[in-house]
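All remarks here apply to the structure that follows.
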Amino acid sequence: MNIVQTVALFKALFEGPLSRNALARKTNTHPKSAGRLIAEMKAQGLVYVIGYTNESDGRNRVKVYAMGQGEDVLPERPST
């Protein structure tokens, strides 16, 4: 990932919460690249999980990240 892509990812997250795949689509980067940056930002305390969503590809409980410091929201457990 180059500096231009990294800046684009930061800018996209500043504009609002996104999942890893949504972030990759918005910035035209590979999802693994977006995931690596999110992991590093999370390790540095720059992003946190604010919730979960279903992706259009059918995946359930995909993490949604936001800029800032906060407690990660845990996924809801299905009621039985």
Side-chain angles (χ1 to χ4, degrees):
M1 175 176 292
N2 64 39
I3 191 71
V4 173
Q5 291 171 314
T6 302
V7 170
L9 290 167
F10 268 92
K11 183 178 176 188
L13 278 170
F14 272 116
E15 292 172 358
L18 293 167
S19 69
R20 179 191 74 155
N21 287 339
L23 182 61
R25 283 190 303 271
K26 187 170 184 167
T27 59
N28 199 30
T29 59
H30 194 279
K32 286 185 180 183
S33 297
R36 283 193 296 270
L37 179 62
I38 287 172
E40 182 59 32
M41 291 173 72
K42 190 158 175 34
Q44 298 296 323
L46 298 173
V47 298
Y48 66 105
V49 178
I50 64 162
Y52 295 81
T53 188
N54 294 331
E55 291 283 317
S56 60
D57 63 2
R59 294 178 43 213
N60 293 323
R61 296 188 345 179
V62 175
K63 294 176 184 175
V64 177
Y65 298 92
M67 293 295 292
Q69 296 179 340
E71 293 285 325
D72 286 347
V73 172
L74 298 175
E76 292 181 18
R77 295 189 174 214
S79 55
T80 55

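Predicted model, so just to flag it, every value in this text is computed and none were measured.
- Under the 4.5 Å side-chain heavy-atom criterion for ILVMFWY residues, a single connected hydrophobic cluster contains both Leu46 and Phe14.
- Residue Glu71 places its CD atom among 12 or fewer non-hydrogen atoms of other residues, nucleotides or ligands, all under 6.0 Å distant.
- When each of Leu13, Thr27, Val47, Leu9 is tested with Leu37 by the rule side chain to side chain contact (heavy atoms under 4.5 Å, CB included), just one qualifies, namely Leu9.
- Shown here for Val73 and Gly51, the closest heavy-atom pair between the two residues is CB-N, 4.2 Å.
- Taking a 6.0 Å sphere around CG of Asn2, one finds it holds more than 12 heavy atoms contributed by other residues, nucleotides or ligands.
- One hydrophobic cluster, built from ILVMFWY side chains closer than 4.5 Å, holds both Val49 and Leu18.
- When hydrophobic clusters are built by joining Ile, Leu, Val, Met, Phe, Trp and Tyr residues whose side-chain heavy atoms come closer than 4.5 Å, directly or via intermediates, Ile38 is grouped together with Phe10.
- Closest approach of Tyr48 to Gly68, counting heavy atoms only: CD2-O, 3.3 Å.
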Residue pair Val62, Asn54: steps toward the side-chain contact (heavy atoms from CB on, under 4.5 Å) verdict: CA-CA 6 Å; Val62 175; Asn54 294 331; over 6 Å; no
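- What you find for Arg20 and Ala34 is that their closest heavy atoms are O-CB, 4.0 Å.
- Here the straight-line distance linking atom NZ of Lys26 with atom NZ of Lys11 works out to 9.0 Å at 0.5 Å rounding.
- Taking CG from Asn21 and NE2 from His30, the interatomic distance works out to 10.0 Å, rounded to the nearest 0.5 Å.
- Pairing each heavy atom of Ala66 with each of Ile50, the nearest pair is CB-CG2, 3.4 Å.
- Note that CZ of Arg36 and OG1 of Thr29 are 10.0 Å apart. Values are rounded to the nearest 0.5 Å.
- Distance check: Ser33 OG to Asn28 CG gives 11.0 Å after rounding to the nearest 0.5 Å.
- Side chain of Gln44 to backbone of Met41: no donor-acceptor contact under 3.5 angstrom is found.
- Smallest separation of non-hydrogen atoms from Lys42 and Tyr65: CD-CE2, 4.2 Å.
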